[in-house]
Every structure is written in C-alpha cells, then in structure tokens.
Novice: 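This is the structure, below, for whatever I ask next.
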Amino acid sequence: MVPYNTMKWGVILMVLFLLTSLASFQVRAESETPKNVILMIGDGMGTAHITLTRILSGELNMDQFSAGGLATTYSNNNLITDSAAAGTALATGHKTNNGVISQSPDHRDLKTVLEIAKENGMGTGIITTSRITDATPACFYAHTENRDEEDAIAEQLVNAGVDVILGGGQSHFLQSGTEGSKREDSLDLVNEFKNIGYEIVSNKSEMLKASQSPVVGLFTPAEMSFELDRRAEEPSIAEMTKKAIQLLNGKREGFFLMIEGGRIDHEAHANDAAGVVAEVKAFDDAIGTALNFAREDGKTLVIVTADHSTGGLTLGRGTKQWYDPELLRSADISFEKFASLLMEGKDIKESLAEHYGIADLTEEEVKKIDDVVKTKKLYDIEAVIGGVISKRTNIVFTTTQHEGSAVPLLTYGPGAFGGFMDNTEVGETVNELLAGEERNIFSRLMERIC
Ligand SMILES: [Zn+2]
C-alpha cells in the first residue's frame, strides 16, 4: 500500500506538471496561433511592380513586414498560371489547372481556408477592386470547373455565408432584363441577399455608415474603376479594408479576411506603368490599414502575396544600364480612359501632353497612334501608347499576359512565416493556422478564462 504522504505529493506533483505544461502550451499557442488572419493578394504584382512604386512613392507599408520570402506560381497544367489556379493554391493548398476554381484537376471540390474559418465560428470577409465573381475572390467561396461561369459563382456567394462582401461586379447579381444585368436566368440575387438578412450598400457613404454584418457592397457593374480614374462615390481599397476590419473585429472566434488588389493585373495587361504604380500604391495603403490594426491588436497575422506577376515588367532594357520613371508622375488617367478619349476624336498631340506630359511626339509616333486609334481595338491602342512612354522611360513590358516568375511573400504577426515556398505551401500554412487543433483548444481555453 502507498503511504498517504507519498500519494499526496504524487498528486501535487502531477497537478504542478499539468499546470506547467498547460502554461507552456498557452505561451506557444499565443505566440504562434493568430486569432485573425488577413490575406492580401496583389493580383499580378511582381517584384518590379513594387520596386517601381517604391521609387516613385517613397517608403511603402510593404517595407514594414517582419518576415517573408518568395512563392512559386506555376499551375498543374501550365508553367504560367492564371488567377483561378493560383487562387486555388492560396485558398486550398492544392495545385489545379488554369481556369478551375477551387476544384482538383479531376473536378472534386477542395475545401477553402474561408470555409475552414467559418466551420471554426470565425467571421469572414472578401474584398476586391475587381468583380467579386472574378477568379481570385471566387476561389475562396466557390467551386466551379470554369472561372467564366460567373452566374453560378454569384449564386454560390449568396449561399456561402460570408459576413462582409465589398467590391465590384453587380451585373451577375441582377435579374436578367434589368439594366446592367449579365445574368442569363431570372434569379434576383440582390433580393436573395436581402431575404437572408444582408444589408446592401451601393456607394462609399452608405458603406461608411454600415455598422453591422452581414453586409454586401457591390459598387460598380463590372470591375471597380482604375485608381487613376476612381470616382468620389467609389470607396478606395483602404477604405473597404478599414470598414471590413471594423465590422469583423467583434467576432469572438476571430476572423479571416481576404483582400485582393485586383486591378494591378489589369493595368499590367494594358502595359500601363503609371496605372500599375497607382494600383500598387492603393493596395499598399490598404496594407497599411491592415498592418496598423495588426500592430494594435497583437493577435492578427497579415500575409501579403501575389497570385502571379503580369506584363513582364522590366526596369531597364537594351545595352545601356538605365531607366527613368519621372515621366510617369505626369499620368492623370488610365490608358483605358485615354484610349476612349482618342477614339472620341481628341487631338493626339494635345492629349498626350495634357495627360502624360509628353510634349515631344515625333510625326512618326503621331501617325502610328492615329493608325491604331482607327482600328478601335483597345488593347492595340494601349500597347502603342505603352511603347511611346517606354521609349522615354526605358521601363518596358515584355508581354501583355502573365509571366512565370516567383512572387513576393510578406508576413507579420503571430504565426508569421516565410522562405522560398510553393504557392500551395502558403495555402497549406494558412489552412493549418485556421484549422489547427491548437487554435481550437486555445480559443476554447480563452473563452473559459475571459
Ligand atoms: Zn491577369
């Protein structure tokens, strides 16, 4: 028989052991498991895009991160990814084929980090400056074989239970026959949103007044305006970010928020260097908003990355080692808007001087622009204007499409990670941080203690 004293000390030691291991677990969990995760994706944002923005705008919020690295981008069936396959990698941790939204190459649905966050009782939000049904945001809440099925993607968003939805792309939510609708059926998804309790906001001032979730704000029929052309009634990406954080911050189990700078890609497709800089700067302002919150909060992981780089943006070309970005400061409208002015018949020389600060156009350049404007082909006009500016800055685009190099990865806060990773490893890491047993035990413990 064990003497009473020995047994008493045995029990005390065991309790002490349990308490210390619990305490050490708590320290580890607290330092490594974020309560909130904000994933920010600069669509098409390569390292040259960031470098050029820093040269013209000065220090960036992206310079403040404590950890990071690079992420590879290739998809399951192409060395150059599209946003669907790359978004799937970031949202699910799995490679798939270009064009596929969060399904495997053999079309099985893959669980997304947003779905995992919801299962764990967390708040969720999706923000984009593109269409909310565009590939990158869709990868977090929808599953389809083809990214072009935006009617179906819109339906899936209504049923996904996302608390905060802000961006562009009303047209796939409007009943066919109504003005601006692109739906092919008679579903009225705006009404569906209302029926299940969403507050609908349609401009910046309504968004700023929103005080609780669920809320949906789709501010434009298609993509939101390019930053260079943005109208006062459209919120900036930083304003959307601030509002989403404000609405989600009260959630007891924390929140997962995905923010896409969706139009960096579009300006790079247009080979519009000043436009790229404006979009990256606006995205960086949103990063500043997220980072300020994370600094004060201390329980939020902020991840900044890209799905791929677009345009093959190169700072310098040819045999001489130089580039000069100063001219880009003169740009006051996007190539898209500029091309529409030329197609309306505006004078080529006067317009280039007024909007891009180019006063030394050669007769040969004027003729080239005049010829391409007559074709009325937007992309061709943009490419010619891009060439005229490149000649003076030595900042060039090598493609109007995506390219295959690795993209930046920046992380800040509890659970910050880095290294040279595959994009699926980024998705897997977010997945583990949101799904991990540690998180569940930790949040249950905190619930009891607080
Ligand atoms: Zn693209």
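Counting starts at 1 for both ligands and their atoms, in listed order.
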Novice: Using a strict threshold of under 4.0 Å (side-chain N to carboxylate O), is an ion pair present between Arg183 and Glu155?
Specialist: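 So Glu155 pairs with Arg183 through a salt bridge.
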Novice: Find, among atoms of His269 that are N, O or S, the one nearest to the Zn ion (ligand 1), and state its name.
Specialist: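 Atom name of the closest N, O or S in His269: NE2.
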Novice: Do you see an N/O/S atom of Asp265, backbone or side chain, under 2.8 Å from the Zn ion (ligand 1)?
Specialist: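 Short answer: yes, at least one N, O or S atom is under the cut-off.
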Novice: Answer yes or no: does atom NZ of Lys251 have more than 12 heavy-atom neighbours from other residues, nucleotides or ligands under 6.0 Å?
Specialist: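 Yes, enclosed.
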Novice: Any salt bridge linking Arg108 with Asp106? Criterion: basic side-chain nitrogen under 4.0 Å from a carboxylate oxygen.
Specialist: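 Yes, Arg108 and Asp106 are salt-bridged.
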Novice: When you measure from the Zn ion (ligand 1) to the N, O or S atoms of His308, does any of those distances fall below 2.8 Å?
Specialist: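 Coordinating: no.
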Novice: Ring centres of Tyr356 and Phe335 under 6.0 Å apart?
Specialist: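 Yes, they do, as the ring centres are separated by less than 6.0 Å.
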